[in-house]
Q: 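Mind looking over this structure? Questions follow.
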Amino acid sequence: MSRPRIVIVGAGFAGYRAARVLSRLTRHKADITLLNPTDYFLYLPLLPQVAAGILEPRRVTVSLTGTLPDVRLVLGEADAVDLDGHTVRYTGPEGDGGTLPFDRLILAAGSVNKLLPIPGVAEHAHGFRGLPEALYLRDHVTRQMELAAAADDPASCAERCTFVVVGAGYTGTEVAAQGKLFTDSQIRRRPLRAGMRPRWLLLDVAERVLPELDENLSRTADRVLRQRGVEVRMGTSVKEATHRGVLLTDGEFVDTRTLVWCVGVRPDPLAESLELPLEKGRLLVDPYLQVPGRPGLFAAGDAAAVPDLEKPGAYTPMTAQHAWRQGKAVAHNVAASLGLGERRAYRHRDLGFVVDLGGVKAAANPLGVPLSGVAAGAVTRGYHLAAMPGNRVRVAADWLLDAVLPRQAVQLGLVRSWSVPLDTASPEVARVPGGPEKARAGNPGPAGGPRAGEGAEPADAIQDADAGKHAEPPGPVKEPDLIQDADAAKHAEPPGPVKEPDRVQDADVDADADAAKHAEPPGPVKQPDLIQAPEHTPGASSDAPAVHKHRPRDPSALAPPEPGPPASSEGDS
């Protein structure tokens with residue numbers, strides 16, 4: 001008899017924990033397959049420290065194959081789920097597709113950037129949901145500071161060293177706090193123009209920083225940010241974004257080249273594609289994390305609307321802490337559906353929250369006790385080390401080195417602006433020219449090429465890889481109206497003085513040889529029909545022929561008794 005097949009979609013906090021616990025509970029009595037676009041689990045709460053140059057990128061990634069030896073890893077992104085046929089269709093990293101059959105399916109696809117219908121935001125802002133976005137932001141901030149230091153124009157200098165962060169939740173608050181320290185450390189080695197300093201703005205429509213937490217944590221974070229020099233503007237957001245700045249809802253225009261979008265997350269579009277009951281985009285499940293009416297379908301993390309048994313009528317929020325705990329609960333319930341153990345409803349008790357504000361500063365309330373300053377910083381870092389499923393020694397070593405050595409501020413140039421569009425269903429994967437694009441119904445995203453702006457190449461400069469292989473090598477410039485059909489050229493009269501087909505008139509002029517004899521000597525060659533006043537096309541190069549290409553579209557806290565990730569970052573992926 002074949003073993004039951006369990007497929008887990010997504011290796012965020014919920015998916016990774018479910019795979020780890022299931023492999024222990026089933027003990028080779030089931031085939032467990034984990035479908036994920038990357039081969040690592042990302043510890044999202046420490047991502048702001050990667051953008052600030054404190055931690056190296058690999059420190060916040062945990063190898064899936066190295067820590068899940070009894071789980072089969074399939075690299076790819078789920079495109080569709082056939083619930084009746086019990087299969088998951090996916091697209092691999094090189095564009096090849098496949099299907100995975102299942103007897104039990106755990107949907108833990110996580111979340112993506114939350115978008116708002118604000119003009120220019122999708123084109124000029126960048127999110128903060130994946131490692132490519134953090135690497136891009138670190139390079140971008142470093143580049144802007146270097147350009148600002150070399151700028152002769154005070155206005156250009158001020159524009160480049162101004163950074164706007166939208167969203168004062170966990171992620172936005174930590175990005176602004178860490179970013180201010182990062183830019184201040186750079187100007188100590190290379191000062192800006194006299195009297196100028198980096199300017200960071202944190203915006204939110206809410207009345208206070210960290211509106212989802214208690215007021216003690218909010219006041220602590222607000223005080224630290226303002227003391228550090230961050231401009232905290234509550235009740236304010238972006239009305240319009242451009243390449244050179246943002247128009248705020250209070251009417252002020254801020255000149256800037258940096259807009260970081262941290263307004264929150266939305267469930268992965270895969271949940272909506274199942275056409276099952278939803279709650280604000282999340283798949284409705286019962287307290288056992290099972291979809292009603294679908295015995296083999298489970299969901300956890302940001303993709304699931306899990307009833308909050310501590311608050312009847314409410315659902316658990318989309319935080320890493322809940323996703324980590326739900327991963328363990330759903331693993332037990334899937335195992336119970338196979339006859340291994342008993343089902344358990346998901347219950348939780350908040351043991352506290354932590355927010356890392358950079359340096360030795362943090363805000364925390366373990367067991368409801370409000371802490372700030374060095375004590376909160378120690379609790380926060382201790383909690384992260386306890387919660388991480390790997391790399392603890394390396395992370396601790398990076399923290400120690402950052403405390404005694406200056407940070408390295410260099411541009412690696414590995415991630416370009418157009419590689420990390422805000423509107424994407426795959427924030428964990430950087431887009432590459434000619435690479436396979438994710439195509440999910442109902443989630444179109446921006447085109448797969450670079451966008452106008454810093455670091456982007458002209459849209460027509462990147463050719464399709466396959467077309468480029470078969471293209472003829474470029475030769476001398478050939479004017480379309482001068483190259484005649486080969487057969488007609490064989491019967492043409494021997495050429496006399498230079499005659500352009502469209503410049504020398506039709507057969508009547510050619511036949512009148514006498515008139516030609518008395519004609520005035522030719523002057524400089526003129527091509528009336530070739531040298532037209534071309535219609536202006538914005539963004540097109542005036543010295544190259546127009547090329548039309550089609551690119552694919554992207555449719556688109558104290559440690560609990562069993563340590564888990566803090567609720568210090570929105571989302572579980």
Side-chain angles (χ1 to χ4, degrees), residues 37 42 44 47-48 50-51 77 109-141 144 163-172 175-176 179 201-205 237-248 254 256-269 281 302 318 415-433 435 437-440 442-456 459 551-556 569-571 573:
L42 176 64
L44 195 61
L47 202 58
V50 174
E77 300 180 64
S111 55
V112 298
N113 292 310
K114 181 180 180 181
L115 301 179
L116 297 176
I118 299 176
V121 166
E123 293 79 13
H124 303 289
H126 291 282
F128 203 81
R129 294 288 304 148
L131 195 56
E133 293 171 321
L135 292 175
Y136 165 74
L137 183 60
R138 185 170 71 175
D139 269 9
H140 174 79
V141 170
Q144 296 307 309
F163 307 92
V164 178
V165 181
V166 184
Y170 292 113
T171 303
V175 167
L201 287 81
L202 179 62
L203 315 176
D204 202 302
V205 295
S237 188
V238 174
K239 185 176 182 180
E240 182 180 358
T242 69
H243 177 54
R244 302 299 294 268
V246 293
L247 177 63
L248 305 184
V254 178
T256 180
R257 296 292 185 92
T258 308
L259 179 59
V260 187
W261 194 253
C262 302
V263 298
V265 295
R266 57 189 172 97
D268 191 284
D302 291 355
M318 298 166 64
V415 182
R416 308 302 295 271
S417 174
W418 54 265
S419 299
V420 283
L422 182 64
D423 188 6
T424 176
S426 307
E428 65 276 10
V429 180
R431 189 166 297 174
V432 297
E437 297 298 338
K438 176 119 167 145
R440 272 192 192 156
N443 187 52
R451 297 184 310 219
E454 173 267 324
R551 291 196 180 87
R553 301 278 296 177
D554 183 7
S556 33
S569 182
E570 297 93 343
S573 61

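Atom set for the values below is all heavy atoms of this structure, side chains included, hydrogens, waters and symmetry mates excluded.
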Q: Is there side-chain contact between Pro48 and Phe128, with at least one heavy-atom pair below 4.5 Å?
A: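 The answer is yes, as the side chains (C-beta and beyond) meet within the 4.5 Å cut-off.
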Q: Can you tell me how far CG of Leu137 sits from CD of Gln144, rounded to the nearest 0.5 angstrom?
A: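 One gets 10.5 Å once the value is rounded to the nearest 0.5 Å.
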Q: Answer yes or no: is there a donor N or O on one side and an acceptor on the other, between the side chain of Ser426 and the main chain of Glu428, under 3.5 Å?
A: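 No, the answer is negative, given that no donor and acceptor are paired below the 3.5 Å cut-off.
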Q: Within a strict 4.5 Å, meaning less than it, do heavy atoms of the Val238 and Leu203 side chains meet?
A: yes
Q: What are the two closest non-hydrogen atoms of Leu422 and Ala125, and how far apart are they?
A: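 Scanning both residues, the minimum pair turns out to be CB-O, 3.6 Å.
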Q: Taking Asp204's backbone N and O only, do any of them form a donor-acceptor pair with Ser237's side chain (distance below 3.5 Å, no angle check)?
A: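 Flag not set: sc Ser237 to bb Asp204 has no pair under 3.5 Å.
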Q: Would you say the side chain of Met318 lies within less than 4.5 Å of the side chain of Pro267, judging by non-hydrogen atoms?
A: yes
Q: Could you grab the distance from atom OG1 of Thr242 to atom CD of Glu123, nearest 0.5 Å is fine?
A: 11.0 Å
Q: State, yes or no, whether a side-chain contact exists between Asp139 and Val415 at a heavy-atom distance under 4.5 Å.
A: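 With C-beta onward as the side chain, the pair stays apart.
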Q: With distance as the sole test, does Trp261 use its side chain to make a donor-acceptor pair with the main-chain N or O of Lys114 at under 3.5 Å?
A: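 Yes: the side chain of Trp261 pairs with the backbone of Lys114.
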Q: In the structure I gave you, are the side-chain heavy atoms of Leu47 and Leu42 within less than 4.5 Å of one another anywhere?
A: yes
Q: Side-chain contact, heavy-atom cut-off 4.5 Å: Arg266 with Leu115?
A: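 The answer is yes; the side chains approach within 4.5 Å.
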Q: Can you list the steps and then say if Thr258 with Val260 is a side-chain contact (heavy atoms from CB on, under 4.5 Å)?
A: CA-CA 6 Å; Thr258 308; Val260 187; 4.0 Å; yes
Q: Quick check: does any side chain N or O of Glu133 sit under 3.5 Å from a backbone N or O of Gly130, one acting as donor and the other as acceptor?
A: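 Yes, because the side chain of Glu133 sits within donor-acceptor range (under 3.5 Å) of the backbone of Gly130.
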Q: For a quick test of reading the model, state the closest non-hydrogen atom pair linking Pro427 to Ser111 and the distance between them.
A: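 Minimum heavy-atom separation between Pro427 and Ser111: CG-O, 4.4 Å.
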Q: Okay, side chain of His124, backbone of Leu259: is any donor-acceptor separation there less than 3.5 Å?
A: no
Q: Could you check if a side-chain atom of Tyr136 sits within less than 4.5 angstrom of a side-chain atom of Arg416, using non-hydrogen atoms only?
A: no
Q: As a quick check of understanding, evaluate side-chain contact (heavy atoms from CB on, under 4.5 Å) for Leu201 and Val165, giving each step before the final call.
A: CA-CA 6 Å; Leu201 287 81; Val165 181; over 6 Å; no
Q: Within the side chain of His140, is there an N or O that forms a donor-acceptor pair under 3.5 Å with the backbone of Arg257?
A: yes
Q: I'd like to know whether Val121 forms a side-chain contact (heavy atoms from CB on, under 4.5 Å) with Glu240, so could you lay out the CA-CA distance, the side-chain angles of the two residues, the decisive distance to 0.1 Å, and finally the verdict.
A: CA-CA 7 Å; Val121 166; Glu240 182 180 358; over 6 Å; no
Q: Would you call Ile118 and Lys239 a side-chain contact if the rule is heavy atoms closer than 4.5 Å?
A: no
Q: What distance do Cys262 atom SG and Arg129 atom CZ have between them, rounded to the nearest 0.5 Å?
A: 10.0 Å
